Amino acid sequence: MLDIWLPLVGGLVLLIAGGDLLVRGAVQVAERLGVSPLVIGLTLVGFGTSMPELVTSVQAALGGSPGIAYGNIVGSNLANILLIVGISAILFPIAVASSALRRDAMVMLGVAVVFAGLAFVMPMTRVVGAVFVLALVGYIVMAFRQESASTAHGAVHEKAAAFEGVDPAVIPGTPRRSGLVLPLLLSVGGLVMVILGGTFLVKGAVTLAQSFGIPETVIGLTIVAIGTSMPELVTSVMAAIRRQSDVAFGNIVGSNIYNILGIGGTTALIAPTPVPPEIVRFDNLLMVGVSLLLVLFAATGLRIARWEGAVLLAGYCAYVWTIWP
């Protein structure tokens, strides 16, 4: 059993700890180079908190385990909406900023529909991956232009703000004059830990699937997806507890956009492969459905009430019960 659970648990610890170090180091490097706090929040913090999902999916695809690779992406989005928003709303009703609903939630729903539709008709090729990555770059540029000219913040900004609320060490401040060596070492060390963690996690997940006869897609959709979504869980719950509920909503919406466009796109670029048919036929459609449900909940009174959170959480429990053999 140690050869299964030790890589799984050790990989998750390395992923989470390495991701934290990577974000800290990258933010400090950017500060010392005079990069603006808004750019730091929209790019470095946003991408850094998605590194566990990125590394895990890419390594799984390269290792010939597309079920884990795309199960992690789709499963993370399902867990973000049903599990994390559900728990956060139960703790404290989630307020929804109109700007996040109009722009970001609709983008989240749109990319979910596009991903599910493409997966029905074609494999995730390098061309698809390039389009996804370019779409993410375009979305970030649009968000930067709108947020630099307005006091209203969108989902990607709130994704960074949620992480900063848990770890004040990553809050951008005034540029400091100390050297770049320590921040660079932190970044490189964090990146190495994330890569090692992803390797161990995928190895443990594949071994678990082979040993117990559980399909790799189920492992990717549940254990791996929940594990790599732990930063989102912690940051959203902390935002809810601090009653920064609009941050909790934006954190999840921003993470789901990153997962499909950034992680799905990068995975397709590096290791093109079809999405497993069981994910295409069921989980992708469910992801679109729960994304639409989240938008509908958010649009009714610009808040997600406790009873709506309970519905989402119950839905996640039912989902796991349905797919687990």
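The shown structure was predicted, so the numbers you read here are calculated from the model rather than taken from an experiment.
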Give, for atom CD1 of I304 and atom CD1 of I90, the distance between the pair rounded to the nearest 0.5 Å. 11.5 Å
Tell me if a side-chain donor or acceptor on R126 pairs with a main-chain N or O of L269 at a distance below 3.5 Å. yes
Please name all residues satisfying ring-ring contact (aromatic ring centres under 6.0 Å, His included) with W5, sequence neighbours left out, ordered by chain then number. none
Taking only residues two or more places apart in sequence, or in another chain, which ones meet V107 in a side chain to side chain contact (heavy atoms under 4.5 Å, CB included)? V111, Y139, I257
Spatial distance of atom CG (N77) from atom CD1 (I260) [nearest 0.5 Å]: 4.5 Å
If you measure from CE on M124 to CZ on F132, what distance do you get to the nearest 0.5 Å? 5.5 Å
Passing candidate, side chain to side chain donor-acceptor pair (under 3.5 Å) with T228, options N259, T56, N72: N72
Could you tell me which non-hydrogen atom of F249 sits nearest to which non-hydrogen atom of A105, and how far apart they are? CZ-CB, 4.3 Å
Could you give the side-chain donor-acceptor pairs of residues 276-294 under 3.5 Å, partners two or more places apart or in another chain?
from : atom 1 : to   : atom 2 : distance (Å)
E278 : OE2    : T217 : OG1    : 3.4
D283 : OD1    : Y319 : OH     : 2.7
S291 : OG     : M287 : O      : 2.7

If you round to the nearest 0.5 Å, how far is CG of L12 from CE of M230? 8.5 Å
How many angstroms lie between CD1 in I270 and CD in Q59, if you round to the nearest 0.5 Å? 10.0 Å
In short, A268 meets G129 closest at the heavy-atom pair CB-CA, 3.7 Å
Check the pair V133 / T266 against side chain to side chain contact (heavy atoms under 4.5 Å, CB included), numbers first and verdict last. CA-CA 7 Å; V133 171; T266 304; 4.1 Å; yes
Counting only heavy atoms not in F200, do more than 12 fall under 6.0 Å of its CZ? no
Pairwise distance CG(L82) to CD1(I252) - rounded to 0.5 angstrom: 11.0 Å
Go through E308 and L312 one step at a time and tell me if the side chain to side chain contact (heavy atoms under 4.5 Å, CB included) criterion holds. CA-CA 6 Å; E308 292 170 327; L312 294 175; 5.6 Å; no
